[in-house]
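It should be emphasised that the depicted structure is a prediction, and the values quoted were computed from it without experimental measurement. Throughout, numbering of the chain's residues begins at 1 and tracks the sequence.
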Amino acid sequence: MRFLEFHLLALISILSFIISLLETSDRIKDFRIAGRMRLRNLIDSSMFFSRIFLPIPDQLRIPAPLMISAVVGAPIFIAGIFLILLSLRRIYRFLLLEEEKTLVKDGVYGVVRHPLYLGDSIWPVGWSIIWMGLCSLVLTPLWLLFYIITTFYEEKKLEEEFGDEYREYRRRVKRIIPCLY
């Protein structure tokens with residue numbers, strides 16, 4: 001049964017990323033469910049929760065003592081969550097309160113253009129190490145790839161919305177991985 005749970009969670013996670021990518025690329029439209037919750041919020045929640053539970057079911061395990069996996073995994077997990085919180089703190093007004101958008105270029109957005117995606121790619125690495133889940137750890141590059149593809153669509157929209165201001169910001173700040181990309 002645990003084997004089935006792992007594959008079901010992996011499938012939910014991957015499908016959530018695909019639906020999110022389709023929504024970001026305008027292949028499907030965002031809408032409100034029962035007049036309140038946005039489809040995008042439901043998709044993001046399913047991505048998060050499926051990845052939280054993904055390392056728990058039986059799967060190939062990292063051959064390391066529990067103490068070492070916790071000492072290595074916990075700081076990575078905490079760093080990812082912290083980066084997400086710092087990112088959301090800067091943009092929650094636009095996401096939740098639907099205020100008029102402005103281009104955020106300072107704080108963590110002065111380090112990378114998509115810190116939320118970076119944090120959301122980091123925490124599952126730490127979480128998988130804590131649980132010693134090798135299969136869930138191996139899926140992390142796939143999630144990062146989905147995020148990188150998503151950034152191309154988002155940046156096209158941002159360039160249309162903010163023009164030269166965004167192009168200057170893009171020249172100055174890396175996309176998703178500080179000092180690299």
Side-chain angles (χ1 to χ4, degrees), residues 12-14 16-26 30 37-55 72-131 136-181:
I12 290 169
S13 175
I14 291 168
S16 298
F17 272 98
I18 290 170
I19 293 168
S20 176
L21 183 59
L22 290 171
E23 191 269 330
T24 301
S25 65
D26 291 329
D30 190 17
M37 179 182 247
R38 290 179 50 213
L39 171 64
R40 182 61 185 248
N41 299 125
L42 182 64
I43 292 166
D44 291 345
S45 297
S46 67
M47 274 192 269
F48 179 78
F49 286 111
S50 63
R51 290 185 298 155
I52 276 285
F53 294 111
L54 191 59
V72 172
I76 297 169
F77 173 77
I78 291 167
I81 296 297
F82 188 66
L83 192 53
I84 290 170
L85 293 175
L86 288 175
S87 303
L88 289 174
R89 184 171 178 251
R90 299 292 299 138
I91 63 170
Y92 78 93
R93 298 181 316 271
F94 316 124
L95 296 175
L96 300 177
L97 305 177
E98 297 180 4
E99 287 184 11
E100 184 178 341
K101 288 183 183 177
T102 58
L103 185 59
V104 178
K105 302 182 286 186
D106 59 345
V108 292
Y109 287 88
V111 179
V112 291
R113 297 191 306 265
H114 301 279
L116 188 60
Y117 294 160
L118 176 60
D120 207 29
S121 296
I122 291 173
W123 76 260
V125 171
W127 193 241
S128 294
I129 292 170
I130 290 170
W131 284 92
S136 54
L137 184 64
V138 169
L139 287 172
T140 300
L142 179 63
W143 299 324
L144 182 60
L145 178 64
F146 274 118
Y147 279 138
I148 289 171
I149 293 168
T150 300
T151 64
F152 286 102
Y153 292 106
E154 286 187 359
E155 290 195 350
K156 181 180 176 191
K157 291 177 184 178
L158 288 165
E159 190 172 330
E160 289 170 3
E161 191 170 353
F162 296 106
D164 288 337
E165 182 183 12
Y166 189 76
R167 283 186 281 279
E168 184 277 322
Y169 171 63
R170 190 176 62 206
R171 277 191 297 274
R172 191 173 42 83
V173 178
K174 296 292 184 188
R175 180 182 302 263
I176 200 166
I177 302 171
C179 304
L180 294 177
Y181 179 74

Undergrad: Restricting to non-hydrogen atoms, name the atom on Ile130 and the atom on Phe77 that form the minimum distance, rounded to 0.1 Å.
TA: CD1-CB, 4.2 Å

Undergrad: Once you round to the nearest 0.5 Å, how far does OG of Ser16 lie from CG of Leu21?
TA: 12.5 Å

Undergrad: Work out which heavy atom in Ser121 is nearest to a heavy atom in Leu144; give both atom names and the distance.
TA: OG-CD1, 3.5 Å

Undergrad: Could you label the plane-to-plane angle of the Tyr147 and Phe17 rings as parallel, tilted or perpendicular, counting under 30° as parallel and over 60° as perpendicular?
TA: perpendicular

Undergrad: How close do Ile176 and Tyr117 get, counting heavy atoms only, and between which atoms?
TA: CD1-CB, 3.5 Å

Undergrad: If you take all heavy atoms of Val108 and Pro115, which pair is closest and at what distance?
TA: CG2-CG, 3.7 Å

Undergrad: What residues, two or more places apart in sequence or in another chain, satisfy side-chain hydrogen bond (donor to acceptor under 3.5 Å, both in side chains) together with Arg170?
TA: Glu159

Undergrad: Under 4.5 Å between any side-chain heavy atoms of Lys174 and Leu180, yes or no?
TA: no

Undergrad: Side chain to side chain contact (heavy atoms under 4.5 Å, CB included) between Ile91 and Lys101: does it pass, once the steps are laid out?
TA: CA-CA 9 Å; Ile91 63 170; Lys101 288 183 183 177; over 6 Å; no

Undergrad: Once rounded to the nearest 0.5 Å, what's the spacing between atom CG of Leu39 and atom CG of Asp44?
TA: 9.0 Å

Undergrad: Is the shortest heavy-atom distance from the side chain of Val112 to the side chain of Ile177 under 4.5 Å?
TA: no

Undergrad: For a side chain to side chain donor-acceptor pair (under 3.5 Å) check, start with the C-alpha distance between Glu160 and Tyr166, then their side-chain angles and the critical distance, and finish with the verdict.
TA: CA-CA 9 Å; Glu160 289 170 3; Tyr166 189 76; over 6 Å; no

Undergrad: Tell me whether Arg175 forms a cation-pi arrangement with Phe152, defined as NZ or CZ under 6.0 Å from the six-membered ring centre and within 45 degrees of its axis.
TA: yes

Undergrad: For residues 47-54, which side-chain N or O atoms pair as donor and acceptor with protein atoms under 3.5 Å away, sequence neighbours left out?
TA:
from  : atom 1 : to     : atom 2 : distance (Å)
Ser50 : OG     : Ser46  : O      : 2.8
Ser50 : OG     : Met47  : O      : 3.2
Arg51 : NE     : Met47  : O      : 3.2
Arg51 : NH1    : Asp120 : O      : 2.8
Arg51 : NH2    : Asp120 : OD1    : 2.7
Arg51 : NH2    : Asp120 : OD2    : 2.6

Undergrad: Distance check, rounded to the nearest 0.5 Å: Ile148 atom CD1 versus Leu118 atom CG?
TA: 10.0 Å

Undergrad: In Å and rounded to the nearest 0.5 Å, what is the CG to OG1 distance from Leu22 to Thr150?
TA: 9.5 Å

Undergrad: Kindly compute the distance separating CH2 (Trp127) from CD1 (Ile78), expressed to the nearest 0.5 Å.
TA: 10.5 Å

Undergrad: Please test Glu161 against Lys157 for salt bridge (Lys or Arg N to Asp or Glu O under 4.0 Å), starting from the C-alpha separation and ending with a verdict.
TA: CA-CA 6 Å; Glu161 191 170 353; Lys157 291 177 184 178; over 6 Å; no

Undergrad: Let me confirm one number: the OG-OH distance from Ser20 to Tyr153, rounded to the nearest 0.5 Å.
TA: 12.0 Å

Undergrad: Within a radius of less than 6.0 Å around CZ of Arg167, do more than 12 heavy atoms belonging to other residues, nucleotides or ligands occur?
TA: yes

Undergrad: So do Val111 and Val173 actually touch side chain to side chain, heavy atoms under 4.5 Å?
TA: no

Undergrad: Can you list the residues that meet the side-chain hydrogen bond (donor to acceptor under 3.5 Å, both in side chains) rule with Tyr169, with sequence neighbours excluded?
TA: none

Undergrad: Has Trp143 got more than 12 heavy atoms of other residues, nucleotides or ligands less than 6.0 Å from its CH2?
TA: yes

